[in-house]
Every structure is written in structure tokens, then in C-alpha cells.
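In this text, all values refer to a predicted model and were calculated from it rather than measured experimentally. Along the sequence shown, residues carry numbers from 1.
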Amino acid sequence: MKAMTIKPGVSKIGAVHWERRLFDSLIPLPDGTSYNAYLVEGKDKIALLDTVDPMTSDVLIEQLKDVEKIDYIIAHHAEQDHSGCIPLVLEKYKEAKVICTPKAKTYLMDLLLIPEDKFITVEDGETLDLGGKTLKFIHAPWVHWPETMFTYLVEDKILFTCDFLGSHLATSELYATDECKVYEAAKRYYAEIMMPFRNFIEKDLEKIKDLDIDIIAPSHGPVYNNPKFILDAYNEWVYAKPKNIVVIPYATMHGSVKKMVEYLQTALVAKGVIVKPFDLSVTDIGELAMALVDAATIVIGTPTVLTGAHPMVVYATYLANALKPKTKFVSIIGSYNWGSRAQDQLSQMITNLKVEVISPVFIKGFPKEEDFKALDKLAEEIVKKHEEAGIL
């Protein structure tokens with residue numbers, strides 16, 4: 001991959017990881033990803049903004065082969081997919097200094113064993129003149145680690161945001177031309193990584209709203225030459241009320257829970273509610289995370305395994321609790337035979353969610369007529385709650 005010019009003296013380098021399918025041994029990557037680094041060349045100094053994942057270090061080093069000097073490495077975020085090649089760059093450019101927040105300095109010393117004398121820490125709003133290229137550093141803690149920051153290139157009106165506003169999307173295009181594809185990838189990225197920090201993101205959206213921005217350059221996915229596209233998307237995901245959607249993550253062993261889910265889905269759809277069921281035995285967990293961005297209600301469906309909830313359901317419930325979506329209502333449906341603690345177990349796992357719990361429907365064995373009536377009542381209660389919330 002060759003450098004791509006964004007503006008005179010500003011180029012995108014880095015690596016496209018087409019074949020990567022799992023991130024952090026956790027997050028599915030159906031479309032691969034990229035690790036974007038940027039080279040900003042002033043009349044006096046040159047800065048490299050971020051590096052790449054060490055798995056693709058050879059790509060970065062090849063791109064830098066004709067760059068005679070780098071004065072500064074700007075480390076927006078200490079996570080290794082962006083910082084992991086800083087030691088290699090420092091080895092090549094022995095006079096270079098690493099610029100980061102004070103917290104990032106500590107993290108980078110711990111994670112990458114970079115000597116303390118290689119760092120320059122910057123405060124929020126501090127600037128650095130490269131010679132006709134002025135970098136302004138904007139602290140953005142908890143997007144999505146506590147040490148993160150952005151860089152605003154004043155003369156060229158480019159905002160470098162690292163993980164913020166990015167997308168796990170492998171592409172050979174410089175800019176986000178296929179906005180439908182990028183929207184889905186960016187929403188998945190927001191759901192899986194940024195959504196738990198929604199309250200901090202609100203502050204950061206406010207912090208950058210008065211900047212004159214022509215281009216947003218994240219460290220994953222394509223660059224945005226239409227900043228309004230991604231900023232509008234984030235404003236919707238962060239600020240908008242949840243939608244008239246019920247998400248039903250469930251597992252089924254012998255068909256009882258599946259029958260309950262199908263019946264509840266039919267009852268809700270008949271009343272004008274959008275339903276998104278997810279059979280956890282086959283679900284891409286990223287698809288579930290994306291659905292949670294907009295859902296007003298989550299209904300968790302589980303059979304009983306050794307008196308508790310199904311392990312896949314436990315995982316999905318843990319995930320929902322960790323992601324902290326805007327969801328307003330939660331209920332639980334499921335079945336058991338001789339006894340179950342699943343309701344109590346799952347209820348204790350959603351303490352992060354600011355939700356109203358709607359009475360569960362937990363049945364013995366395969367659903368019978370009275371059980372279907374209970375599911376009808378649950379559907380009616382969900383509809384009532386959506387109407388009261390002004391979303392139906």
C-alpha cells in the first residue's frame with residue numbers, strides 16, 4: 001500500500017488488514033480492518049500520527065523507507081493496534097520524540113517499554129508548530145481508554161480522531177465513498193467499542209462541534225471528506241431516543257424457548273412493533289450489538305441449564321450490560337422442568353442498564369395455552385410502555 005495524499009504535506013499511510021476476522025480475541029471482523037497512520041510534513045518538522053498493529057509492521061516500515069526524518073510520533077491512544085510499532089519507528093528515527101497525554105506516557109512505558117526520555121507530554125489545547133502546519137491536541141479521555149486524545153491540523157482543517165468515528169473496514173479507497181457500507185461498519189464499531197462510553201462521547205461531540213472541519217481522519221476505516229455524514233450518525237446513535245424495536249437474544253435446547261420467541265414475535269409485530277430475534281447459537285455478536293444501539297426493549301430468552309441460564313444467554317446478557325445501550329425496558333422469558341434460578345441470575349447481571357423490568361414469563365416445560373396468554377400480556381405491556389415513551 002502506497003501513501004495516499006489527503007492535502008499537500010498530509011498523507012495517509014498504514015496497513016489494510018484484509019484477512020483479519022477477529023479483534024482482541026473477541027470482536028468479529030466480517031469486513032477486515034485497517035490501521036491508519038498519517039504523515040504530516042511541515043517546513044521545519046515532520047510528524048507521524050500513530051503507527052500500525054505489529055502484525056503489519058513490515059507495511060509501515062516499507063512506506064517510511066524514503067522518509068529521511070521523523071521528528072515526532074503522535075500517539076493518540078496506547079492500544080497496540082495504533083501504538084505497537086512505535087518502538088520500531090524510534091529505532092529507525094533515533095531523534096524522534098513521542099507526543100502524547102500524560103496518562104498515555106505511563107501506559108506506553110508499561111506496554112511497550114519505551115524509555116521515559118523519549119516522551120513529550122501535552123496538555124489539552126496545546127499546539128505544536130511544524131512550520132506552516134499547526135497541530136492542536138485535544139484531550140478526549142475514555143474514547144475509549146482514559147488516555148486518548150485527538151489532533152486538529154489547523155491550516156488544513158483535518159481532525160485526526162484515532163478510534164473515535166472509525167470503522168473496522170478493509171478498503172483500498174481513501175475516502176468513504178460507499179456511505180451505506182461505511183455506515184454499517186461504523187455503527188458496528190460504535191456498538192462494540194464506543195457505546196459503553198456514550199456519556200463521554202457526548203462531551204467530545206460538544207468539544208469539537210465548533211471546529212472548522214473539512215476532513216475527519218480516523219485510525220480505522222476510510223477517511224471522511226464529508227464530515228457531516230459520520231457526525232450526524234454519531235449524533236443519532238448517542239442522542240436520539242431508542243426506537244420502537246424489541247431485541248430478543250435467546251438460546252433454545254429442545255424447542256420450548258424457540259416456540260415462545262416465535263409466538264411473542266408474532267404478537268408484537270401484529271401490534272406494530274419491530275422485532276429482531278437472535279438465536280445465539282448462530283448469531284454474529286456484532287449484529288446483536290448493532291441492534292442494541294436502537295432497541296427500546298430487550299427480551300432475554302433462555303432455557304434452564306443446571307438450574308441456571310444457558311451459557312450463551314449469560315454471555316449475551318453480560319455483553320448487553322457492558323455495552324450500556326439506551327434501552328428502556330427489559331424482560332425475561334424461558335422454560336424449566338424441575339427448577340430454575342435463571343431469572344434471578346439474569347436480573348442480577350443487568351445492573352448497568354437504566355431500565356424498567358417488565359414481569360418475566362417463565363414456564364414449566366413446553367408452552368401451553370395459559371403460557372401463550374402470558375406472552376400475549378407481555379406483548380401488550382411492551383406496547384403500552386412504548387406508547388408511554390412516545391416511540392410507538
Side-chain angles (χ1 to χ4, degrees), residues 21-30 144 188 191-198 242 245-265 275-367 371 374-375 378 382:
R21 287 296 176 267
L22 192 64
F23 196 84
D24 288 343
S25 299
L26 175 66
I27 297 170
L29 299 177
H144 60 119
R188 175 187 282 262
E192 294 172 331
I193 296 170
M194 292 292 164
M195 187 160 58
F197 307 98
R198 192 173 69 252
I245 296 171
V246 174
V247 168
I248 311 179
Y250 74 95
T252 192
M253 294 168 66
H254 299 289
S256 297
V257 176
K258 181 177 176 62
K259 188 68 175 178
M260 295 176 75
V261 169
E262 290 173 345
Y263 188 90
L264 180 61
Q265 177 183 352
V275 182
K276 296 185 178 182
F278 291 90
D279 179 344
L280 296 170
S281 67
V282 295
T283 289
D284 174 342
I285 210 70
E287 294 287 340
L288 173 58
M290 278 196 289
L292 292 175
V293 172
D294 301 315
T297 299
I298 304 171
V299 177
I300 303 164
T302 186
T304 297
V305 180
L306 299 175
T307 75
H310 192 286
M312 288 182 178
V313 177
V314 171
Y315 173 57
T317 305
Y318 175 88
L319 178 72
N321 187 62
L323 294 179
K324 302 179 186 176
K326 296 178 290 187
T327 301
K328 289 186 173 294
F329 313 103
V330 168
S331 189
I332 302 168
I333 62 174
S335 69
Y336 69 98
N337 189 12
W338 60 85
S340 178
R341 297 183 295 103
Q343 291 181 64
D344 290 340
Q345 179 188 13
L346 296 176
S347 296
Q348 292 167 11
M349 292 181 62
I350 56 172
T351 53
N352 285 343
L353 303 184
K354 298 177 181 178
V355 294
E356 178 182 344
V357 178
I358 302 174
S359 296
V361 176
F362 230 74
I363 69 168
K364 195 169 187 296
F366 199 79
D371 302 321
L375 290 170
L378 176 57
I382 291 170

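Across every non-hydrogen atom of D279 and S281, the tightest pair is OD1-OG, 2.8 Å. Y250 and K258 make their closest contact through OH-NZ, 4.0 Å (heavy atoms, listed as atom of the first residue, atom of the second, distance). Here the shortest heavy-atom pairing between T304 and S340 reads OG1-OG, 3.0 Å. Contact between G301 and V257 at its shortest, heavy atoms only, is C-CG1, 3.9 Å. Contact detail for F362 and A342: the closest heavy-atom pair is CZ-CB, 3.7 Å. Minimum interatomic distance between M195 and A289 (heavy atoms only, all atoms of both residues): CE-O, 4.0 Å.
The number of heavy-atom neighbours closer than 6.0 Å to OH of Y318, taken from other residues, nucleotides and ligands shown, is 12 or below. Atom CG of L22 has more than 12 heavy atoms from other residues, nucleotides or ligands within 6.0 Å.
Side-chain contact between E192 and P28 is present, with at least one heavy-atom pair separated by less than 4.5 Å. The closest side-chain heavy-atom distance from L280 to L288 is below 4.5 Å. Between K364 and N337 there is a side-chain heavy-atom pair separated by less than 4.5 Å. Two residues are said to be in side-chain contact when any heavy atoms from C-beta on lie closer than 4.5 Å; V361 and L264 fail this criterion. In this structure, V299 and I382 have side chains that are in contact, with non-hydrogen atoms separated by less than 4.5 Å. Looking at heavy atoms from C-beta onward, Y263 lies out of side-chain contact with D371 at the 4.5 angstrom threshold.
Under 4.0 Å is where a charged nitrogen must lie from a carboxylate oxygen, and between D284 and R188 at least one such pair does.
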Identify every side-chain donor-acceptor pair in residues 322-333 under 3.5 Å, counting partners at least two apart or on other chains, and give the distances.
from : atom 1 : to   : atom 2 : distance (Å)
K326 : NZ     : E236 : O      : 3.4
K326 : NZ     : W237 : O      : 2.8
K326 : NZ     : A240 : O      : 2.5
T327 : OG1    : A295 : O      : 3.2
S331 : OG     : I358 : O      : 3.0
S331 : OG     : S359 : O      : 3.4

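Among V314, D344, I300, the single residue meeting the side chain to side chain contact (heavy atoms under 4.5 Å, CB included) criterion with M349 is V314.
Rounded to the nearest 0.5 angstrom, L378 CG and M260 CE are separated by 8.5 Å. Annotation: the span from T252 atom OG1 to M312 atom CE amounts to 12.0 Å, rounded to 0.5 Å. In this structure, CG on L353 lies 6.0 Å from CD1 on I298, to the nearest 0.5 angstrom. Distance CD/E262 to CD1/I248: 10.5 Å, rounded to 0.5 Å.
No donor-acceptor pair closer than 3.5 Å links the side chain of T302 to the backbone N or O of G334. Side chain of Q345 to backbone of G308: no donor-acceptor contact under 3.5 angstrom is found. Counting only distance, with no hydrogens or angles, the side chain of D24 and the backbone of L26 share no donor-acceptor pair below 3.5 Å.
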